[in-house]
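Every chain is numbered from 1, with letters handed out A, B, ... down the list of sequences. This one's a predicted model, so the numbers in the text were calculated from it and none came from an experiment. The figures that follow rest on heavy atoms only: side chains count, while hydrogens, waters and symmetry mates do not.
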Protein chains: 2
Amino acid sequence: MPTTARTVSDAIRTRYDDLTRAERQLADRILENYPVSGLGSITAIAENAGVSTPTVARMVQKLGFKGYPEFQSRLHHELEETISNPIAKHDRWALNAPGTHILNRFADAITANLRETLSDLDTKTFEDAAALLGDRDRSIYFVGGRITCALAEYFFTHMQVIRPKTTLISTNSSSWPQHVLNMNRGDVLVIFDIRRYEQEMATLAEVAKSSGIVIILMTDVWGSPVAQHARHIFRVRIEAPSAWDSSVVTLFVVEALIEAVQSCAWDKTRQRMNSLEELFERSRLFRRHNHQKLE
Amino acid sequence: MPTTARTVSDAIRTRYDDLTRAERQLADRILENYPVSGLGSITAIAENAGVSTPTVARMVQKLGFKGYPEFQSRLHHELEETISNPIAKHDRWALNAPGTHILNRFADAITANLRETLSDLDTKTFEDAAALLGDRDRSIYFVGGRITCALAEYFFTHMQVIRPKTTLISTNSSSWPQHVLNMNRGDVLVIFDIRRYEQEMATLAEVAKSSGIVIILMTDVWGSPVAQHARHIFRVRIEAPSAWDSSVVTLFVVEALIEAVQSCAWDKTRQRMNSLEELFERSRLFRRHNHQKLE
DNA sequence: GCAGTTCTGAAAATTTCTCTTCATTCTGCG
DNA sequence: CGCAGAATGAAGAGAAATTTTCAGAACTGC
């Protein structure tokens, strides 16, 4: 056992750079369901990772173990420590932190939020919203509040790659009138409005709706005033053991929507992404100049 | 496998009366440290209980298993269920959608990412990073790439409320030199660099480090080139059933850090937040003007 | 492209594990 | 005490796992 690493996972990570392709594939698989993954025989672990047994044997030796049996016995000991420690039972996510550590409390809260949000979420709302966002005849606009503008931006950045006609509206409401002016009947406005609802956001929604704009709203369970103007509403749980609300589940919904839209019309998207790739490549060349100056 | 018993321990207990002296001694030993005791080979378990290997072989057959391997594999499965998080076992999150619906697949992937990230995360890294970010003597700078700049912005927006001397650096690298110029020894640079690592980011890190700037890096498990310059590294799992990587867990870490920093020096933070509240109130009044115009 | 190197898995060699046989030991009872 | 019957473990046969070898594949640098 290497003296530098305390656990097997440490050993794997510290030497990850030295591993070969097949070995990394194996290492990833082991870490994926750690430490249970190492329970079975060398054959089982190899098959599970889609590599040959010699690869496993070689890697564990590379990691500093005498052989697979020693590797496995280490794993057994770690497992034993995790299991026999009563706190370790279920409620510990970060293995080397107490159950009350902020990381563990946060993890509990977020999974609860995710579970509750999803069990409340109407699949039809999701499908319909995805279909709207995927409709290339409609322009899409994104707007968020002080905190949520980062989410709007994240959503926008991805959608911009996937399809044309996407616009990010600044959080600063003074720019809103001209945006509304540009919108056409049937266009889609994605609004993020979460606790500390901003009154102007409701006004924006009202005005937009009366111009025939379709509104998709991301909000919390208490419901923003925008709700009455929105066609599709995502009510997300945002409670966290923190002075702040959590945006993790909101981001989850955003990412799921991105994937839904993307897979909807993969062919169209693909070509667009390739073209963009090239452009990014070129702009990277541009930027290399700047970085010369930076040095 | 006996149909009556759900678990191995059940099987042992229901047939305990039929066991012989040596078998009971063995059974007791197995139950004593269940289910970890059955991790090793039949030889190990026999020695541990002070009986011979045939005794073990006979007993497991008596209990209804075909042989020791079957017995052991049952034990492994039980262990696996105990270890892995019960919430993650839900095969359906969104109740009215099939298990293969994108929402459910995403939820599975994200909880797996969360679990793996947290079990790999060194608590000390977390504490140390939080302490750095909470140190009001140091200026904090945030920078992200094309996708991750939204995360940097989210982090920045919160930290800005919590403490002074926070700066968001534009993704556009042409602005970087002047920022580096402004930084002082001991200042903190939070870098988001995830897959599709950007070379200039590594250059920025290198330059910053040589000026005595402390770097905190949020990256994926493959490791960005920035890693060699960073003092604290958060390796986050980002795999999702999508053409895109998931930033959900990264955002989780960010929020946990925000809360850790905030609770660190709550008194100082509180006063600052109150002052800010007032300012926001006033600016809201400003904005009401705009919205009058909007109508 | 090509030579040299590294990586990889099939297969054989080796070790270890599991199970069965069988002789020995133990237990209960007349 | 001695015997029948069950229980136990030593030893070996057989099975499975682990390691090593080696030849082909993949990659790298020129």
Within less than 4.0 Å of OP1 or OP2 of [N], is there a side-chain N or O belonging to [X]?
{"X": "A/Gln25", "N": "C/dT8", "result": "no"}
{"X": "B/Gln61", "N": "C/dT20", "result": "yes"}
{"X": "B/Ser41", "N": "C/dT16", "result": "no"}
{"X": "B/Thr20", "N": "D/dT8", "result": "yes"}

Separation of atom [atom1] in [X] from atom [atom2] in [N], rounded to whole Å:
{"X": "A/Arg24", "N": "C/dT8", "atom1": "CZ", "atom2": "P", "result": "10 Å"}
{"X": "A/Glu70", "N": "C/dT15", "atom1": "CD", "atom2": "C1'", "result": "16 Å"}
{"X": "A/Arg58", "N": "C/dT8", "atom1": "CZ", "atom2": "P", "result": "7 Å"}
{"X": "A/Met59", "N": "C/dT8", "atom1": "CE", "atom2": "C1'", "result": "15 Å"}
{"X": "B/Glu23", "N": "D/dT8", "atom1": "CD", "atom2": "P", "result": "6 Å"}
{"X": "A/Glu47", "N": "D/dA16", "atom1": "CD", "atom2": "C1'", "result": "13 Å"}
{"X": "B/Ile45", "N": "C/dC17", "atom1": "CD1", "atom2": "P", "result": "13 Å"}
{"X": "B/Gln72", "N": "D/dA16", "atom1": "CD", "atom2": "P", "result": "14 Å"}

Are the side chains of [X] and [Y] in touch, meaning some heavy atoms are under 4.5 Å apart?
{"X": "B/Arg231", "Y": "B/Leu217", "result": "no"}
{"X": "B/His229", "Y": "B/Ile215", "result": "yes"}
{"X": "A/Val261", "Y": "A/Met159", "result": "yes"}

Report task. Would you check if there is a donor-acceptor pair between the side chains of B/Trp244 and A/Gln262 at a distance under 3.5 Å? Result -> yes
For the side chain of [X], counting heavy atoms from C-beta on, which of [options] is nearest?
{"X": "A/Thr43", "options": "D/dT18, D/dT8, D/dT19", "result": "D/dT18"}
{"X": "A/Tyr68", "options": "D/dT18, C/dT18, D/dG9", "result": "D/dT18"}
{"X": "A/Thr55", "options": "C/dC19, C/dT8, D/dG9", "result": "C/dT8"}
{"X": "B/Val51", "options": "D/dT19, C/dC19, D/dG9", "result": "D/dG9"}
{"X": "B/Ile42", "options": "D/dT19, C/dC17, D/dG9", "result": "C/dC17"}
{"X": "A/Pro54", "options": "D/dT8, C/dC19, D/dT20", "result": "D/dT20"}
{"X": "B/Pro69", "options": "D/dG9, C/dT18, D/dT20", "result": "C/dT18"}

Query raised in the report: Which part of the nucleic acid, if any, lies within contact of B/Arg21, taking any heavy atom under 4.0 Å across all strands shown: a base, the sugar-phosphate backbone alone, or nothing?
Result: sugar-phosphate
Query raised in the report: Taking only residues two or more places apart in sequence, or in another chain, which ones meet B/Phe234 in a ring-ring contact (aromatic ring centres under 6.0 Å, His included)?
Result: none
Report task. Output all residues satisfying ring-ring contact (aromatic ring centres under 6.0 Å, His included) with B/Tyr141, sequence neighbours left out; order by chain, then residue number. Result -> none
Query - Estimated bend of the helix from C/dG1-D/dC30 to C/dG30-D/dC1 (axis per five terminal pairs, rounded to 10 degrees) - result: 40°
Requested in this report: Name the orientation class of the two ring planes belonging to B/Phe142 and B/Phe155 (parallel below 30°, tilted from 30 to 60°, perpendicular beyond 60°).
Outcome: tilted
Query raised in the report: Looking at B/Arg235, B/Arg237, B/Arg115, which one forms a side chain to side chain donor-acceptor pair (under 3.5 Å) with B/Asp120?
Result: B/Arg237
